[in-house]
Amino acid sequence: MLPRHFRLRHHEDFDASRQRGKRWHDKLLILNTISSGLPHNRFGFVVSRRVGKATRRNLVKRRLRATARSWLPYLITGYDIVIIARPAISEASYQDIEAVVEKLLRQAGLLVPRDVDATP
RNA sequence: CAAGCUGGCUGGGCGAUCGCGCUCUGGCGCUGCCAGAGUGAGGAAAGUCCGCGCUCCAUAGAGCACGAUGCUGGCUAACGGCCAGGCGGGGCGACCCGACGGAAUAGUGCAACAGAGAGGUAUAUUGCCGAUCCUCUUAUGGUGGAUUGGUGAGGGUGAAACGGUGUGGUAAGAGCACACCGGCGACUCUGGUAACAGAGCCGGCCAGGUAAACCCCUUCGGGAGCAAGGCCAAGCAGGGAUGAGGUGCUGCUCGUACCGAUUGAGUCCCGGGUAGGCUGCUUGAGAUGGGCGGUAACGCCUUUCCUAGAGAGAUGAUUGCCCAGGGGUCUGUAUGGGCUCCGGACAGAACGCGGCUUAUAGGCCGGCUUGGGUG
RNA sequence: UGGGGAGUGGCCAAGUGGUAAGGCACUGGCCUUUGGAGCCAGGUACCGAAGGUUCGAAUCCUUCCUCCCCAG
């Protein structure tokens, strides 16, 4: 889990990231980023009803938060990152999700250069 | 032993490492951070189908409309729920199912197609029977035809056609009359709080179906909802048109309270501001054990306990052992043993409760029925 | 949380107690050198699911499923 000040909490933050930010996507996830000017990163997660019922959606969100937390020390700071789950994710294992998050973070160039080869 | 019926419980367990929400304690550079301790989803938390509490609207008003309820009695804060009983239906049985008030009367409606006729003191196609006339003939008789009348017994249609059997009766027949049976209704008695059941007696000979059709009757229902409601902070800018009624209170009538008529309620248009925090927020029709009352639902007394309170919304990630489960293979036979793979039901609190409904891998404990075997 | 609506052949749909219209699409034939257009003929629905009421249900009732919309 993430402590509270690392989470995105307002609707306009989500809108800004999705409308003006950059986007990378995969079969399981969509990753949006935008520079926030803050000294740390913030994460937000969007899991719609298409993914599954409440139990399934909560599980997906918890897993996404767990991966985000594990990658947090290796990221370039100052970005808001919104991760949107697509319906296929409900069948994925935690290892699948973590691999996809890593792939998208690398594509987005958010890893600190000296830690490019790191693993959490 | 087999097949089945039924009541209840449970909903993987113990750990390791890294993390999250809340509470408490301590510390610091105090809108926070750090450390420690405690605590942290369900039997359905779900669907939102009913009923309550709570909050605001007037103290929660009247009538109609509208909606719901529907055998009887009880339980309950209340219910469309539960318990017990009655009646009806199903099953050999244990047991299960039932929206189960009113259709002889307060009315109205509906029934395609078929059929002669579909609810009216109904109808007459084929039949059956009589009368009159005509024809033929083996001539007080019979055959065929026409007209007219009687008939609802036989055939036929339909989901449904105005009781059944027998005797009398008749031209032929018919509840036309009678006996018994079925069904309906009134009254009396008995049992029961009642629904109802049993018995007796009388009546008219039968009254069709449908109220999950309108309707009548019974009982109940004021409206909104925790984004209710209360408090604090921050911010802004007003202008134009219309205008005598507007709001509490979905619809109508009344009643009532408040606001208002150039010091302008309300409505419409243009423009401006706001997305923060605290509270409500979990001690309650509460849970557990015991006793008493009641057939039971449930109630009363008492002991002990405090058991989630988030707010982009806290339970996750990795892994060990055990416990269940399934598949494959080898060995073997007594029911088994070894290896290996898969793999843990349905599902996530958001103000709180009582129910209902729906989803659910499995596991555990009772009670009972039927059939077979053995003693 | 509260309220409203929809589900009928592959698609769009009418029907609201009595044999489930119509259009597009599809299939076959005619016409044409071929295709299109046109003409003729045909198939495709137990009406979202289950249960009930009724002689009879897409229609009435109950429960459930899916989808859409509205208010704050």
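To find a chain, count down the sequence lines: A is the first, B the second, and so on, and within it residues start at 1.
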Only pairs with both distances under 3.5 Å count, Watson-Crick or wobble alike; so what is the partner of [N] in this structure?
| N | result |
| --- | --- |
| C:C30 | C:G38 |
| B:G15 | B:U319 |
| B:G21 | B:U39 |
| B:U147 | B:A131 |
| B:C339 | B:G328 |
| C:U62 | C:A50 |
| B:C79 | none |
| B:A361 | none |

Looking at B:U318, I'd like to know if its phosphate oxygens (OP1 or OP2) sit under 4.0 Å from a side-chain N or O belonging to A:Q95. yes
Comparing nearest nucleotides in RNA chain B, the 5'-proximal residue of the pair A:V46, A:K53 is A:V46
Return the 5'-most residue of the pair A:Y94, A:R56 with respect to RNA chain B, ranking by each residue's nearest nucleotide.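 Result: A:Y94.
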[atom1] atom, [N] versus [M]: distance in rounded Å?
| N | M | atom1 | result |
| --- | --- | --- | --- |
| B:U108 | B:U125 | P | 32 Å |
| B:G185 | B:G208 | P | 12 Å |
| B:C71 | B:A194 | C1' | 11 Å |
| B:A77 | B:C54 | P | 14 Å |
| B:C5 | B:A114 | C1' | 48 Å |
| C:U53 | B:C100 | C1' | 14 Å |
| B:A350 | B:G238 | C1' | 42 Å |
| B:G101 | B:C353 | P | 37 Å |

As a test of the definition: with a 90° window around 0 for syn, would you call [N] syn or anti?
| N | value |
| --- | --- |
| B:A228 | anti |
| B:U307 | syn |
| B:G175 | syn |
| B:U31 | syn |
| C:U54 | syn |

Student check: side-chain heavy atoms of [X] and [Y] closer than 4.5 Å:
| X | Y | result |
| --- | --- | --- |
| A:R65 | A:R62 | yes |
| A:E98 | A:W71 | yes |
| A:L105 | A:W24 | no |

Consider the side chain of A:T55, meaning its heavy atoms from C-beta on, and name the nucleotide among B:A347, B:G316, B:A314 that approaches it most closely.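 Of the candidates, B:A347 comes closest.
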Side-chain atoms of A:R69 come closest, of B:G313, B:C18, B:A317, to B:C18
#### Entry: Results of side chain to side chain contact (heavy atoms under 4.5 Å, CB included) for A:D26 - residues two or more places apart only
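So A:D26 forms a side chain to side chain contact (heavy atoms under 4.5 Å, CB included) with A:L28, A:V100, A:K103, A:L104.
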Whole angstrom is fine here: how far is it from [atom1] in [X] over to [atom2] in [N]?
| X | N | atom1 | atom2 | answer |
| --- | --- | --- | --- | --- |
| A:R65 | B:G21 | CZ | P | 11 Å |
| A:N58 | B:U315 | CG | P | 9 Å |
| A:F45 | B:A314 | CZ | P | 11 Å |
| A:E98 | B:C18 | CD | C1' | 13 Å |
| A:R62 | B:U318 | CZ | P | 13 Å |
| A:R57 | B:G348 | CZ | P | 8 Å |
| A:R63 | B:U318 | CZ | C1' | 12 Å |
| A:K61 | B:A312 | NZ | P | 10 Å |

Practice prompt. Report the distance from atom CZ of A:R23 to atom CG of A:L31, rounding to the nearest 0.5 Å.
Written response: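 Result: 10.5 Å between the selected atoms.
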Reported CG-to-CD1 distance for the pair A:L29 and A:I89, which is rounded to 0.5 angstrom:
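The CG atom of A:L29 sits 4.0 Å away from the CD1 atom of A:I89.
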- Using modelled atom types only, decide if a donor and an acceptor are shared between the side chain of A:N58 and the backbone of A:T55 within a distance under 3.5 Å. no
Of A:N41, A:I81, A:T77, the one forming a side chain to side chain contact (heavy atoms under 4.5 Å, CB included) with A:L110 is A:I81
